[in-house]
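From a predicted model like this one, the values you see are computed outputs, not experimental measurements.
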Amino acid sequence: MRPLPVLLCRLVEGLMASFNDNGGYSVFEWFLRSPGIIWRCMRRLCSLIVNALIPISWRSNCESPEEPETNSEVNFPASSSPKDVAQARGNGPPRRAADYNRDLTPKERQGFDRSVRESEEVVAQLTEDEDESEEDGGEFRVDSSDEFYCGYDSTWETEDQEPRCSGTRRPAAGNYKFSRFENAAKDMQNYRHDYPSLSKMSRWNESDDQPNLKFHLGLMRSVPDDAFIKDFHNEWYRDYNRLESEHSYIQWLFPLQEPGVNYQARTLTKDEIKDICQSSLALENLLESYKLMLDFYGIKLLNEQTGELTRALNWKERFNNLNSHTHNNLRITRILKCLGTLGYPHYQAPLVNFFLEETLVNGELPHIKDSVLSYFVFAVLDKRQRRSLIKFAYLNYDRKDEFVWCPKKIQMMWSRESVSRQKTYL
């Protein structure tokens, strides 16, 4: 559209030319031939009058192209979409949540309020769970509907709460790792609860001869190896081929209330447990058996009080053997159980932590990693230590989306905690 001054000038020039050349008739003829020009002049004139007299509300929101850009670090509403944020950053200050809600239809406003409310409830619930876990001694409230909830694992239950076996199949039920963990959890839960299913059988198994006690006191030979406990400590020490190929001795050195492959060895009884734990000689011999097997696996006991461990000088050779002969995983599981039963429960966590560091941090022993996570960790009787070991494993596990050894809710909490700590360091 042409500007008003140009149109007015053309109108005046036409009038003057008409009067000068042709008189009044020419003026009338010019008006008849130029209706478009007259209409445009009248419309433009009316528009100017209206704009001058009547304020328009939307004009107050128009921004000048030369206006400075807004700060890109402003805080946006939690429910803002990326598009809203981008528009807000390029066109003035961001809109508040109340502004979004005011522009929505009643149905849209209802959905907006619900999404904001749900987000606030999730954050509040996670915060509440963390606070409660600190107040009640680190207990976690995990629902049985959690994707990785295992009904046979009481690690996340309160002290007075029994594990719940859920009959519904969760999405993780078809996960091979989780299924293997569930099977292992049954065994480890049975051990940690002192074999409740064997309570009746143990009465039948009670006897007066107490072979395990006598063996640990040096009064009886093992069967079928026909060796006293000191013979194993002295003659079998660093005889790695013999320790690897023979399988009957492990049940004598580390007896349990459950049977093993050596049918000639007797399971441990309640009376034997009590007597061995009260005998300094029996406990000393058990400690020497532990050192014997640690050396076989390339590990050295640094501190007999704390159970601190380190690599032995020949650790590479022994690690290779352990990595290629995975039946030793069963032996280590038995050793861990025996330590917890016969007076050395404080040795459990250091041994498990050693294997977690070697497998997850140092990248050694890849073939025993699943056994460490499914069996070794859950042999630890102390619940706090067990949780700490699982947390250490999760934070050092490469593929966290494949971590199945604790509920998903706990994993999310640890992930948020880790991200928050990283931001604090930065």
Side-chain angles (χ1 to χ4, degrees), residues 187-188 190-297 299 301 304-305 307 327-348 351 379 381:
D187 173 48
M188 307 314 294
N190 189 45
Y191 155 72
R192 292 198 307 271
H193 285 72
D194 198 25
Y195 303 93
S197 61
L198 298 179
S199 58
K200 295 182 180 180
M201 296 179 60
S202 62
R203 295 179 182 176
W204 174 84
N205 192 44
E206 296 287 347
S207 61
D208 295 332
D209 56 347
Q210 296 186 311
N212 292 295
L213 174 62
K214 292 179 178 179
F215 175 77
H216 278 79
L217 292 176
L219 303 176
M220 179 178 176
R221 295 176 182 269
S222 65
V223 181
D225 300 302
D226 193 32
F228 288 107
I229 193 168
K230 288 298 183 181
D231 296 334
F232 287 108
H233 299 162
N234 299 324
E235 298 174 11
W236 289 48
Y237 180 69
R238 295 210 168 180
D239 190 348
Y240 298 141
N241 292 332
R242 196 175 187 182
L243 290 169
E244 180 61 50
S245 60
E246 298 291 340
H247 302 285
S248 55
Y249 68 91
I250 197 70
Q251 289 174 234
W252 286 98
L253 294 180
F254 303 97
L256 295 176
Q257 297 178 76
E258 58 187 84
V261 296
N262 182 6
Y263 69 93
Q264 293 178 289
R266 297 285 293 275
T267 56
L268 195 63
T269 65
K270 300 293 184 182
D271 289 340
E272 286 180 319
I273 294 174
K274 180 180 178 181
D275 292 338
I276 290 176
C277 290
Q278 292 178 349
S279 171
S280 58
L281 177 58
L283 292 177
E284 181 182 343
N285 283 329
L286 179 60
L287 178 58
E288 290 301 316
S289 299
Y290 182 52
K291 293 179 181 178
L292 170 71
M293 297 308 296
L294 286 178
D295 178 77
F296 175 63
Y297 296 131
I299 308 171
L301 180 63
E304 293 185 4
Q305 299 298 321
H327 69 90
N328 283 287
N329 297 342
L330 298 174
R331 293 177 173 180
I332 297 173
T333 302
R334 170 174 282 269
I335 292 172
L336 283 165
K337 290 179 178 180
C338 184
L339 291 174
T341 302
L342 296 180
Y344 292 97
H346 56 292
Y347 279 8
Q348 291 181 312
L351 180 58
L381 295 177

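Q210 and H216 form no side-chain donor-acceptor contact under 3.5 Å, judged by distance and modelled atom types alone. Between the side chains of N262 and Q251, not a single donor N or O lies within less than 3.5 Å of an accepting N or O. Between the side chains of K337 and Q257, no donor-acceptor pair of N or O atoms lies under 3.5 Å.
In this structure, CG in L281 is found 11.5 Å from CG in L286, a value given to the nearest 0.5 Å. Atom CD1 in I299 sits 10.0 Å away from atom CE in M293 (nearest 0.5 Å). Atom-to-atom distance recorded for Y191:OH and L336:CG is 7.5 Å, nearest 0.5 angstrom. Note that CG of D239 is 9.5 Å distant from CD of E246, once rounded to the nearest 0.5 Å. Note that CZ of R331 is 12.0 Å distant from OG1 of T333, once rounded to the nearest 0.5 Å. The line from NE2 of H346 to CG of L381 is 12.5 Å long, rounded to the nearest 0.5 Å.
With hydrogens and angles disregarded, a donor-acceptor distance shorter than 3.5 Å links the side chain of W252 to the backbone of V223. Side chain of K291 to main chain of L301: no donor-acceptor pair is present (N/O by atom type, distance under 3.5 Å, no hydrogens or angles). Looking only at distances, no side-chain donor or acceptor of D275 sits under 3.5 Å from a matching main-chain atom of E272. Side-chain atoms of E288 do not come within 3.5 Å of backbone N or O of H233 as any donor-acceptor pair. One N or O on the side chain of S222 and one on the backbone of A227 form a donor-acceptor pair closer than 3.5 Å. A donor-acceptor pair under 3.5 Å is absent between the side-chain atoms of Q348 and the main chain of L339, judged by distance alone.
Contact annotation: the side chain of L294 approaches that of L351 to within less than 4.5 Å [non-hydrogen atoms, C-beta and beyond]. Residues L330 and H247 are not in side-chain contact: their nearest non-hydrogen atoms beyond the backbone lie 4.5 Å or more apart. In this structure, the side chains of F215 and N285 stay at 4.5 Å or more apart for every pair of heavy atoms. Put simply, the side chain of L268 does not reach to within 4.5 Å of the side chain of C338, judged on heavy atoms. By the 4.5 Å heavy-atom criterion applied to side chains, T341 and I276 are not counted as neighbours. Contact check for E258 versus D187: side-chain heavy atoms found under the 4.5 Å cut-off.
Across all non-hydrogen atoms, the minimal contact from P224 to Q264 is CB-OE1, 3.4 Å. Nearest heavy-atom pair, G343 versus P345, reported as atom, atom and distance to 0.1 Å: C-CD, 3.2 Å.
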Before giving the answer on side-chain contact (heavy atoms from CB on, under 4.5 Å), spell out for L253 and L292 the whole-Å C-alpha distance, their side-chain angles and the decisive distance to 0.1 Å.
-> CA-CA 10 Å; L253 294 180; L292 170 71; 4.0 Å; yes
Let me see the working for L287 and L283 under side-chain contact (heavy atoms from CB on, under 4.5 Å), right down to the final yes or no.
-> CA-CA 6 Å; L287 178 58; L283 292 177; over 6 Å; no
Show your working on side-chain contact (heavy atoms from CB on, under 4.5 Å) between L213 and D271 and close with a plain yes or no.
-> CA-CA 9 Å; L213 174 62; D271 289 340; over 6 Å; no
Evaluation steps, side-chain contact (heavy atoms from CB on, under 4.5 Å), between M220 and D209 | CA-CA 10 Å; M220 179 178 176; D209 56 347; over 6 Å; no
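Under the 30°/60° scheme for interplanar angles, the aromatic rings of F296 and Y240 are found to be tilted.
Aromatic ring centroids of Y249 and W236 lie under 6.0 Å apart. Side-chain rings of Y344 and Y290 stay apart, their centers remaining 6.0 Å or farther from each other.
In the displayed structure, K230 atom NZ is contacted under 6.0 Å by more than 12 heavy atoms of other residues, nucleotides or ligands.
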